[in-house]
Enquirer: 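Got a structure for you, written out below as structure tokens; questions coming shortly.
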Amino acid sequence: MNKEVQQFLSNKTKGAFINGKFVNATSEKAIAVVNPATEETLSEVVVSNKELVNEAVQAANHQLENGDWSKLLANKKEYLLLKYADLIEENTSALAELLVLEHGKLLSDAKKEVSAAVNCFRYYAGWATKIEGSTIDVSLSGGNHFAYTKREPVGVVGAIAPWNVPIMMYAWKIAPALACGCTIVFKPSEETPLTSLLLAELSKEVGIPDGVINIVPGDGATTGQAITNHPLISKITFTGSSATGRIIGQNSAKLLKEFTLELGGKNPVLVLDDADFSKVPGGVAKGIFYNQGQVCVSGSRLYLPKNKFDNTLADIASIAEKMKLGSGLDENTKLGPVVSKDHFNKVMNYIDEGKQDSIEVVTGGGRAFDKGYFVEPTVFANTDNKAVSVATDEIFGPVITAMPYSNVDDLLEKANATEYGLSASIWTSNLGNAHYLADKVKAGIIYINSAVRSDPNLPLGGFKQSGIGSELGKSAINGFTKLKSVCINY
Ligand code: NAD
């Protein structure tokens, strides 16, 4: 085990990181963080109670209103964010290994995730000096007028994150918030809080003032609610399931907080007859099995033309059958465990429902190994297009359901027949078809001839029940600032 990771895990109960230091546990409740490949407990993490959340918010508010952070020039913020990115990059080995231990993903993917976080911090470092308003013509009588707008930090941000890409979520929320001059109270998921605590510790070494980044591990009912209910938090940035998103939206609205909700999806993969079928099976498999299918934009509903249905499914099944399951730390592994026992049970229940609904299992459909939360990569063929749970619900596991369609109108109708609208991937070699379908599919992000990926400059947000607002790109800058209008009479 990496020495840094060993040292980090030697302290068996971890507390919140508030105002630049780890706080001793005042709450009696703690949650075990379990390695999903071995089912062994790695560490315990305290559930931050209302009092601890309040301490974190007070520290963040002090930095926002009167602290060093509030006085720091934009180019100094840029410098600190760049330094932070460098330090995260230097610590790739430790962060990636800790991520594999708490989450189960492949070490190679964990390293890519750290690299994506580094890129995100560098990208938003650049924004710190480029936040601007505009001059506005006004038609007011009585003297001359000069009017302009400026963007100010939205305030103390409360961030609530899921477990599927913990390091990326840390970067997606903290980097733009800090670039905009905000301070933050961040709640990682109860399943994967360790990497956020290690990242926060690193922020101290860089010289980001104490109280700017605060990490409050805990569950939704205690810690999450304390964040959404705190009157000094001006904005909630939430990523997670649509069910939790609705509760958070309601709680935020009660106090008239700003909020963005990045939620779930049951994302369609639309394969046209004119697609390059030498690339489709590999692309589809990557789109569903990456990170064990625990990606909000994973393509889990596959629509194939009738004449290509059986052959394409056979090719995807053959890729799935060759995937070696095992610990993410073993470099031969191609599919790790799902994140937790609860999630394993949820995914297996969906697979059982599919079988009970008489949907054909083309491959997989079972548990692998007696120990660890391993689910076989599973392909269902729903040839009669039944509205069953494996075809309609977000499973968030390595499970794909394929359905045949007869023509493009039929394809569009089926692809849009969902409450979700997060992402879609479209496979075609015809440019006209690509543009036509990209216009007509109701989803926030669309990829043509590739599984969906993310880039710091490309906004990501959901349509319909997949969210409100978007993250990344310039839209995050707008989300973490408030517009102020100033008018001078001279
Ligand atoms: P979840 O909704 O169960 O939990 C997300 C977070 O909310 C956790 O930190 C949890 O502790 C907290 N929480 C739960 N109840 C709360 C409450 N009442 N008040 C405040 N906080 C509360 O989601 P999850 O299982 O951790 O993550 C998986 C989900 O996240 C999937 O639906 C996936 O699609 C979604 N996701 C979306 C995106 C996106 O960008 N749209 C990205 C990643 C994951």
Side-chain angles (χ1 to χ4, degrees), residues 60 63-64 69-70 72-89 113-133 150-162 165-188 196 199-200 202-203 206 208-209 211-215 227 233-240 252 257-263 296 444-445 454-462 467-483:
Q63 279 297 348
L64 182 86
W69 187 248
S70 66
L72 207 63
L73 297 176
N75 64 349
K76 293 285 185 305
K77 291 193 179 103
E78 175 182 16
Y79 172 73
L80 286 179
L81 289 175
L82 287 173
K83 254 176 93 175
Y84 196 18
D86 289 347
L87 191 64
I88 294 171
E89 195 167 46
E113 186 171 330
V114 177
S115 168
V118 168
N119 289 339
C120 184
F121 271 100
R122 289 191 178 134
Y123 171 79
Y124 281 109
W127 267 108
T129 52
K130 291 160 197 74
I131 296 168
E132 56 186 25
K150 63 194 294 256
R151 290 203 164 266
E152 297 189 350
V154 70
V156 175
V157 172
I160 300 175
V165 276
I167 293 185
M168 217 142 91
M169 283 297 131
Y170 182 96
W172 285 16
K173 297 193 182 302
I174 293 182
L178 266 54
C180 293
C182 299
T183 55
I184 196 157
V185 175
F186 180 92
K187 189 190 98 54
S196 298
L199 280 161
L202 294 178
S203 75
V206 174
I208 293 173
V212 173
I213 299 174
N214 304 278
I215 311 296
I227 292 174
I233 288 183
S234 309
K235 152 128 191 176
I236 299 290
T237 166
F238 170 74
T239 304
S252 305
K257 291 181 197 305
E258 304 224 0
F259 58 90
T260 46
L261 305 174
E262 303 297 332
L263 309 177
C296 56
I445 186 164
S454 69
D455 180 279
N457 201 22
L458 191 63
L460 173 65
I468 296 180
S470 47
E471 286 196 302
L472 299 178
K474 189 179 179 180
S475 64
I477 298 297
N478 293 341
F480 287 113
T481 52
K482 254 186 169 330
L483 202 58

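As the structure is a prediction and not an experimental result, all values here were calculated from the model.
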Enquirer: Quick one: salt bridge (Lys or Arg N to Asp or Glu O under 4.0 Å) partners of R122, sequence neighbours excluded?
Expert: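 Residues passing salt bridge (Lys or Arg N to Asp or Glu O under 4.0 Å) with R122: D86, E89.
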
Enquirer: With sequence neighbours left out, what residues match E258 under side chain to side chain donor-acceptor pair (under 3.5 Å)?
Expert: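 K482.
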
Enquirer: Got a second to check how far T260's OG1 is from K235's NZ, nearest 0.5 Å?
Expert: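 One finds 3.5 Å between OG1 of T260 and NZ of K235.
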
Enquirer: For Y84 versus A200, what's the shortest heavy-atom pair and its separation?
Expert: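 In terms of heavy atoms, the two residues are closest at OH-N, 4.0 Å.
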
Enquirer: For the pair F121 and I174, evaluate side-chain contact (heavy atoms from CB on, under 4.5 Å) and give the outcome as yes or no after the intermediate values.
Expert: CA-CA 8 Å; F121 271 100; I174 293 182; 4.2 Å; yes

Enquirer: Taking only residues two or more places apart in sequence, or in another chain, which ones meet C296 in a side-chain contact (heavy atoms from CB on, under 4.5 Å)?
Expert: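 Partners of C296 by the side-chain contact (heavy atoms from CB on, under 4.5 Å) criterion, ordered by chain and then number, come out as L422.
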
Enquirer: Verify side-chain contact (heavy atoms from CB on, under 4.5 Å) between I131 and C180, making sure each step is shown before the conclusion.
Expert: CA-CA 8 Å; I131 296 168; C180 293; 4.1 Å; yes

Enquirer: Donor-acceptor pair, S470 side chain versus G461 backbone, under 3.5 Å?
Expert: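 No; zero donor-acceptor contacts below 3.5 Å.
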
Enquirer: Between the side chain of Q63 and the main-chain N/O of V212, is any donor-acceptor distance below 3.5 Å?
Expert: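 The answer is no, because no donor-acceptor pair under 3.5 Å joins these two groups.
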
Enquirer: Looking at A60 and V185, what are the two nearest heavy atoms and their distance?
Expert: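 Answer, listing the atom of A60 first, then V185: CB-CG2, 4.2 Å.
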
Enquirer: Keeping the roles fixed (side chain from W172, backbone from P456), state whether a donor-acceptor pair exists under 3.5 Å.
Expert: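 Looks like no, no N/O pair under 3.5 Å.
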
Enquirer: Determine whether the aromatic ring centres of F238 and F259 lie less than 6.0 Å apart.
Expert: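 Not close enough - the centres of the two rings lie 6.0 Å or further apart.
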
Enquirer: If I take atom OG1 from residue T481 and atom CD from residue E152, how far apart are they, to the nearest 0.5 angstrom?
Expert: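 It is 9.5 Å, given to the nearest 0.5 Å.
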
Enquirer: Write down the atom of V157, the atom of A177, and the distance for their closest heavy-atom approach.
Expert: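 For V157 and A177, the tightest heavy-atom pair comes out as CG2-CB, 4.4 Å.
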
Enquirer: Can you see which heavy atom on S196 is nearest to which on F186, and at what distance?
Expert: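 The answer is OG-CE2, 3.5 Å.
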
Enquirer: So L472 and Y123, side-chain contact (heavy atoms from CB on, under 4.5 Å) or not? Walk me through it.
Expert: CA-CA 10 Å; L472 299 178; Y123 171 79; over 6 Å; no

Enquirer: Rounded to the nearest 0.5 Å, what separates atom CG in L199 from atom CD1 in I213?
Expert: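 If I round to the nearest 0.5 Å, the distance is 9.0 Å.
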
Enquirer: Between K257 and I236, is there a donor-acceptor pair closer than 3.5 Å when you use the side chain of the first and the backbone of the second?
Expert: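 Checked: no pair found.
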
Enquirer: Using 0.5 Å steps for rounding, measure from the OG1 atom of T239 to the CG atom of L263.
Expert: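 These two atoms lie 8.0 Å from each other.
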
Enquirer: At what distance, to the nearest 0.5 angstrom, does CG of L80 lie from CD1 of I208?
Expert: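 The CD1 atom of I208 is 6.0 Å from CG of L80, to the nearest 0.5 Å.
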
Enquirer: Let me see the working for I160 and K173 under side-chain contact (heavy atoms from CB on, under 4.5 Å), right down to the final yes or no.
Expert: CA-CA 9 Å; I160 300 175; K173 297 193 182 302; over 6 Å; no

Enquirer: Which value, rounded to the nearest 0.5 Å, describes the distance between I88 atom CD1 and S115 atom OG?
Expert: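 Rounded to the nearest 0.5 Å, the CD1-OG separation comes to 11.0 Å.
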
Enquirer: Taking the side chain as every heavy atom from C-beta outward, state whether P188 and M169 have any atom pair closer than 4.5 Å.
Expert: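 Counting from C-beta outward, P188 and M169 never come under 4.5 Å.
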
Enquirer: Taking Y124 for its side chain and N119 for its backbone only, find out whether a donor-acceptor pair lies under 3.5 Å.
Expert: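 Here the side-chain-to-backbone pair does not exist.
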
Enquirer: Has E471 got a side-chain atom pairing as donor or acceptor with L460's backbone, closer than 3.5 angstrom?
Expert: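 The answer is no, because no donor-acceptor pair under 3.5 Å joins these two groups.
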
Enquirer: Mark yes when over 12 heavy atoms from residues, nucleotides or ligands other than K83 sit less than 6.0 Å from its NZ; otherwise mark no.
Expert: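 Atom NZ in K83 is crowded, with more than 12 foreign heavy atoms closer than 6.0 Å.
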
Enquirer: Against the six-membered ring of W127, is K77 placed for a cation-pi contact (under 6.0 Å from the centre, within 45° of the normal)?
Expert: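 The answer is no; the distance or angle limit is not met.
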
Enquirer: So, N214 side chain and I184 main chain: donor-acceptor pair closer than 3.5 Å or not?
Expert: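 Yes.
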
